[in-house]
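Any value given below was found using the heavy atoms of this structure, including those in side chains, with hydrogens, waters and symmetry copies removed.
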Amino acid sequence: HPSIIKLHHPITKQKMRILTKKTGWVIVTLFAVYGFILRIYSLGQQSIWIDEAFTINAAETILKKGVPLLESGFWYTGGILNSYITAFSLAALRSAGVEFAARLPSVIFGVLTIFLVYAFGKKIANKEVGLISAFLVTFSIWEIAWSRQARMYQQFQFFYLLSLYFFYKFFFFYPLL
């Protein structure tokens, strides 16, 4: 009967496209949550290994002197950005433990890489490729392991992929000629 109010409105094609568009980001966000849990779980439990000690020493001298000058007089130039980010993390989160505070930046960059890999895969191919790639990065034992180290490798990977993403985007979508 025409006077009865319809409680359910049909989903329009435009609304369906919006839902479908957001579905990929919802799924990759769930991947990132799982990835964060896998990377952060018992993060501070293992003791520091020798390469992490170099990073932490550099970060400690940044906090004391403002530059990564080690006690030996050697300027630690292996991962300058990482040394400063680790110094900030140590200053802010030392109460959570040196191991945890020093490793947290790698966890954050590891999780951000999941989002970046999805966006890049989606850009160069399609949403499905992006999701499969993000899934592989989320659950890869190598990705998890390096995301749990106080080293510069996750930042390097993140910024390398970000550079490729922007190169691809500008080269193919904003050609010079």
Side-chain angles (χ1 to χ4, degrees), residues 1-45 79-82 84-93 96-97 99-177:
H1 188 270
S3 64
I4 297 177
I5 298 173
K6 290 186 179 181
L7 296 176
H8 299 304
H9 298 287
I11 296 177
T12 63
K13 287 183 181 182
Q14 182 181 7
K15 287 181 182 178
M16 192 59 173
R17 268 188 255 128
I18 291 170
L19 287 174
T20 306
K21 206 175 205 180
K22 291 181 180 180
T23 303
W25 285 107
V26 170
I27 292 169
V28 81
T29 300
L30 291 174
F31 288 167
V33 169
Y34 283 118
F36 179 76
I37 292 167
L38 291 170
R39 287 157 175 77
I40 199 98
Y41 179 75
S42 296
L43 186 64
Q45 295 302 317
I80 294 285
L81 178 63
N82 182 57
Y84 280 92
I85 292 172
T86 302
F88 175 77
S89 182
L90 286 172
L93 300 169
E99 293 88 352
F100 179 86
R103 292 172 178 157
L104 186 63
S106 290
V107 170
I108 293 168
F109 279 97
V111 172
L112 290 175
T113 300
I114 296 167
F115 287 108
L116 181 57
V117 165
Y118 169 70
F120 195 26
K122 184 178 170 189
K123 178 70 78 182
I124 63 173
N126 56 41
K127 183 169 61 173
E128 290 76 18
V129 168
L131 286 171
I132 291 168
S133 301
F135 177 85
L136 293 173
V137 169
T138 300
F139 297 104
S140 166
I141 192 68
W142 292 104
E143 291 290 329
I144 294 167
W146 285 113
S147 291
R148 295 175 52 82
Q149 304 295 320
R151 299 294 289 150
M152 78 292 289
Y153 304 119
Q154 279 308 122
Q155 289 172 23
F156 176 77
Q157 179 184 38
F158 175 80
F159 287 117
Y160 180 77
L161 290 172
L162 187 64
S163 298
L164 288 177
Y165 175 81
F166 283 123
F167 177 79
Y168 178 84
K169 182 176 178 180
F170 290 116
F171 186 75
F172 288 104
F173 294 99
Y174 301 103
L176 296 175
L177 297 175

Looking at every non-hydrogen atom in both residues, tell me the closest pair between [X] and [Y] and how far apart they are.
| X | Y | answer |
| --- | --- | --- |
| R39 | S147 | NE-OG, 3.2 Å |
| T113 | Q154 | OG1-NE2, 4.0 Å |
| A102 | A150 | O-CB, 3.5 Å |
| V28 | L131 | N-CD2, 4.2 Å |
| G35 | V111 | C-CG2, 4.3 Å |
| R148 | I40 | NH1-C, 4.0 Å |

Can you tell me how far apart [atom1] ([X]) and [atom2] ([Y]) are? Round to the nearest 0.5 Å.
| X | Y | atom1 | atom2 | result |
| --- | --- | --- | --- | --- |
| F31 | L136 | CZ | CG | 9.0 Å |
| T29 | I114 | OG1 | CD1 | 10.0 Å |
| N126 | I132 | CG | CD1 | 8.0 Å |
| I141 | L38 | CD1 | CG | 8.5 Å |
| K169 | L164 | NZ | CG | 14.5 Å |
| Q155 | L112 | CD | CG | 10.5 Å |

- Note on the structure: Applying salt bridge (charged side-chain N to carboxylate O under 4.0 Å, His left out) to R103 and not counting sequence neighbours gives E52
- Sequence neighbours left out, what passes side chain to side chain donor-acceptor pair (under 3.5 Å) with R151? Give chain and number order. T55, Y76
- Taking only residues two or more places apart in sequence or in another chain, which ones pass side chain to side chain donor-acceptor pair (under 3.5 Å) with E99? none
If you count the non-hydrogen atoms of other residues, nucleotides and ligands that lie under 6.0 Å from [atom1] in [X], is the total more than 12?
| X | atom1 | result |
| --- | --- | --- |
| Y165 | OH | yes |
| F159 | CZ | yes |
| Y168 | OH | yes |

- Message: Quick check on ring pair (Phe, Tyr, Trp, His ring centres under 6.0 Å): which of F158, Y153, F109, F156 does W146 satisfy it with?
- Response: Y153
- Query: Heavy-atom distance under 4.5 Å between the side chains of L162 and F120, does that happen here?
  - Reply: no
- Can you tell if the side chain of W25 reaches within under 4.5 Å of the side chain of F115, non-hydrogen atoms only? yes
- Task: Answer with yes or no after comparing the ring centroid distance for F139 and F135 against a 6.0 Å cut-off, counting only values under it.
- Result: yes
- Report yes or no: does S89 contribute a side-chain atom to a donor-acceptor pair with the main-chain N or O of A101 at less than 3.5 Å? yes
